[in-house]
> 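Dropping a structure here in structure tokens format, bear with me for questions.
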Number of protein chains: 2
Amino acid sequence: MPPALSPRKRPRQQRSTATVDAILDGAAHILESHGLEGFNTNAVAVRAGVSVGSLYQYFPGKDAVMAALIRRDARDFLSLTQDAAANDGAWTAALERLVDVAVAHQLDSPTLARILDFEEARLPLDPETSQAEDAMQRLIAEILRRAPGAQPAACAEAAADLLHIARALIDAEGRNPAPDRAGLKRRVLRAAFGYLAQPPPIEHR
Amino acid sequence: MPPALSPRKRPRQQRSTATVDAILDGAAHILESHGLEGFNTNAVAVRAGVSVGSLYQYFPGKDAVMAALIRRDARDFLSLTQDAAANDGAWTAALERLVDVAVAHQLDSPTLARILDFEEARLPLDPETSQAEDAMQRLIAEILRRAPGAQPAACAEAAADLLHIARALIDAEGRNPAPDRAGLKRRVLRAAFGYLAQPPPIEHR
DNA sequence: GTCTAATCCGATGAAAAGCTCACATTTGGC
DNA sequence: GCCAAATGTGAGCTTTTCATCGGATTAGAC
């Protein structure tokens, strides 16, 4: 039976939460610098400055570390997103802030972002992660509903599409050695507003 | 030293090219059904109905198998693309055919497509693959130049963006158990034509 | 039919990675 | 200070995967 994904033991003292954090930081660092190939429990433990044994105290296996990393990232990103989506001002301004946040977040560790995205599709994601994912999508849909002429029913679909589009463009730019943030932002906004302005094409028979 | 990526030996007889094909088919099948985790040389050989030894006759290591798979896929996709981009009719019709081809190709083996895409970012790609990639982008850019009011200089960037956007949307739909091809096509076209219709947003200071 | 080069085979060793466990150390409550 | 519970350690066992090599088999030229 493959090891489970949920944490093995909950840290009770302060030092152990520090250990868990160190492990996640170490994992993130290794993924960013050496990719999935370099990601193994021994390397993560060394990088985190703890022993493998400690790692296995809190995580039943390496996939559990990955799942925890995904969860943490989803949490962080949702939090940033919620700040950016504050309900004041024009909906276009909110969308721009959202793009800003996404660009900053994903371009900060482009390789890591890419890997987490990939792994998220493979791992059965825990409730908290999928909840965060849903919340983010609803948040975007809410903004889209503030657009004049928006069809409320179609906003969920549009939100999902916009998320995927933005991720893809940022991700591609992140593979460049010297990403052009301003140009990237311009292109993401162009794609987003273009998608929204475009009346859905007529279905062919 | 990690094994190289270029093929080790070129097949000379008919049966050996059949072996190489079987290996690539086996690899594709395993990636589609068991993902990257299931992808190891022994499993590929078994699935291909050959022995590991034969695999290593033609590939110096598993990454070489992956590289060959990526190369074959790029070749195939470029060929389909070239057919679809035939220079007759409206540019919009050509773009629609392109989307059709992309949807069909990528939705045929969604997991495989996703993995190849991911691995392409990791592996140093051989000349033929990057050449095919370039050709495809130029092909799309050519179509975009036929659009009225198109800025020829900006078409390369737009082509790259459209490729990424289409890939992302198809990929996302491919993760559904029952993809909705028609709806997907509609959304991809919406994103594409929307992007193209949208005047690039003004740069903020 | 014979001969040579090409191809194929798969047991087997080497290497890497996953994971455990017996024991050491630290913490916090009393 | 003392003690129980929590936490930390890392050598080393197990499992998985990579890759090779000596020898068997097959194809195609003559």
Side-chain angles (χ1 to χ4, degrees), chain A residues 1-27 30-31 33-69 115 119 122-123, chain B residues 1-27 30-31 33-69 115 119 122-123:
Chain A
M1 192 176 66
L5 296 187
S6 44
R8 172 169 281 176
K9 170 203 304 195
R10 186 154 283 278
R12 294 161 182 269
Q13 297 182 6
Q14 188 187 341
R15 63 174 168 157
S16 60
T17 67
T19 298
V20 169
D21 284 348
I23 291 170
L24 294 184
D25 291 346
I30 285 188
L31 287 172
S33 56
H34 300 339
L36 263 186
E37 318 84 83
F39 180 67
N40 62 65
T41 50
N42 291 290
V44 168
V46 168
R47 172 80 216 178
V50 304
S51 79
V52 241
S54 294
L55 187 154
Y56 280 97
Q57 292 250 334
Y58 302 102
F59 302 97
K62 75 180 227 167
D63 278 353
V65 177
M66 183 65 85
L69 209 49
I115 293 176
E119 290 288 274
R122 176 176 70 88
L123 265 26
Chain B
M1 193 176 63
L5 295 187
S6 45
R8 170 168 283 175
K9 167 202 309 195
R10 185 153 285 278
R12 294 161 183 269
Q13 298 181 4
Q14 189 189 339
R15 63 173 167 156
S16 60
T17 67
T19 298
V20 169
D21 285 348
I23 290 170
L24 294 184
D25 291 345
I30 285 189
L31 287 172
S33 56
H34 299 340
L36 262 187
E37 319 84 81
F39 181 68
N40 62 65
T41 51
N42 291 291
V44 168
V46 168
R47 171 80 216 180
V50 304
S51 80
V52 243
S54 295
L55 188 153
Y56 279 98
Q57 292 249 330
Y58 301 101
F59 302 97
K62 72 180 226 167
D63 278 353
V65 177
M66 183 64 86
L69 209 49
I115 293 176
E119 289 288 275
R122 177 177 69 89
L123 265 26

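All values reported here derive from a predicted model rather than from experimental measurement.
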> B:Q57 has an atom CD; how far is it from atom P of D:dG23, in whole Å?
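Nearest whole value for this atom pair: 16 Å.
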> Within the pair A:S54 and D:dT9, is there a side-chain N or O less than 4.0 Å away from OP1 or OP2?
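Affirmative; the distance criterion is met.
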> Evaluate the criterion side chain to side chain contact (heavy atoms under 4.5 Å, CB included) for residue pair A:I23 and A:V50; output intermediate values, then yes/no.
CA-CA 8 Å; A:I23 291 170; A:V50 304; 4.0 Å; yes
> So which nucleotide from C:dC9, C:dT27, D:dT20 ends up closest to the side chain of A:Q13?
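Nearest to the side chain of A:Q13 among the choices is C:dT27.
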> Which is it for A:L24 and A:Y58 under the side chain to side chain contact (heavy atoms under 4.5 Å, CB included) test, yes or no, and what are the steps along the way?
CA-CA 11 Å; A:L24 294 184; A:Y58 302 102; over 6 Å; no
> State whether B:S16 places a side-chain N or O below 4.0 Å from either non-bridging phosphate oxygen (OP1 or OP2) of C:dT7.
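For B:S16, the contact criterion (side-chain N or O under 4.0 Å from OP1 or OP2 of C:dT7) is met.
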> A quick test of your reading: do over 12 heavy atoms of other residues, nucleotides or ligands sit less than 6.0 Å from CD of A:Q14?
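No.
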> With heavy atoms under 4.0 Å as the rule, sort B:N42 into base, sugar-phosphate or nothing.
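It contacts base atoms.
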> Without decimals, in angstroms, what is the distance between A:F59 CZ and D:dT7 P?
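Nearest whole value for this atom pair: 13 Å.
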> Starting at CD of B:E37 and ending at C1' of C:dA17, how long is that distance when rounded to a whole Å?
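Taking atom C1' of C:dA17 as the reference, CD of B:E37 is at 15 Å.
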> Measure from OH on A:Y58 to P on C:dT20 and round the result to the nearest Å.
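Interatomic distance, OH of A:Y58 to P of C:dT20: 16 Å.
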> So which one's nearest nucleotide on DNA chain C is more toward 5', A:G53 or A:N40?
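On the 5' side of the pair lies A:N40.
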> To check you understand the geometry: which heavy-atom pair defines the closest contact between A:L31 and A:L69, and what is its length?
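Residues A:L31 and A:L69, closest heavy atoms: CD1-CD2, 3.6 Å.
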> Can you tell me the distance, in whole Å, between the CG atom of A:L55 and the C1' atom of C:dC21?
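So the CG-C1' distance, A:L55 to C:dC21, works out to 16 Å.
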> What is the distance from CZ of A:F39 to P of C:dA16, rounded to the nearest Å?
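Taking CZ of A:F39 and P of C:dA16, I get 19 Å after rounding.
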> For the NZ atom of A:K62 and the CG atom of A:L55, what is their distance to the nearest 0.5 Å?
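If we round to the nearest 0.5 Å, A:K62:NZ and A:L55:CG are 11.5 Å apart.
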> Does B:Y56 make a side-chain N or O approach to OP1 or OP2 of C:dG10 shorter than 4.0 Å?
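No.
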> For A:R47 and C:dA17, what is the distance between atoms CZ and C1' respectively, to the nearest whole Å?
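A:R47 atom CZ is separated from C:dA17 atom C1' by 20 Å.
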> Tell me whether the side-chain N/O atoms of A:K62 come closer than 4.0 Å to OP1 or OP2 in C:dA17.
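Answer is no, no contact under 4.0 Å.
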> According to a strict under-4.0 Å criterion, is B:T41 in side-chain N/O contact with OP1 or OP2 of D:dC18?
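Yes.
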> When you get a sec, tell me which of C:dC9, C:dC19, C:dA11 is the closest nucleotide to the side chain of A:V52?
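So the side chain of A:V52 is nearest to C:dC19.
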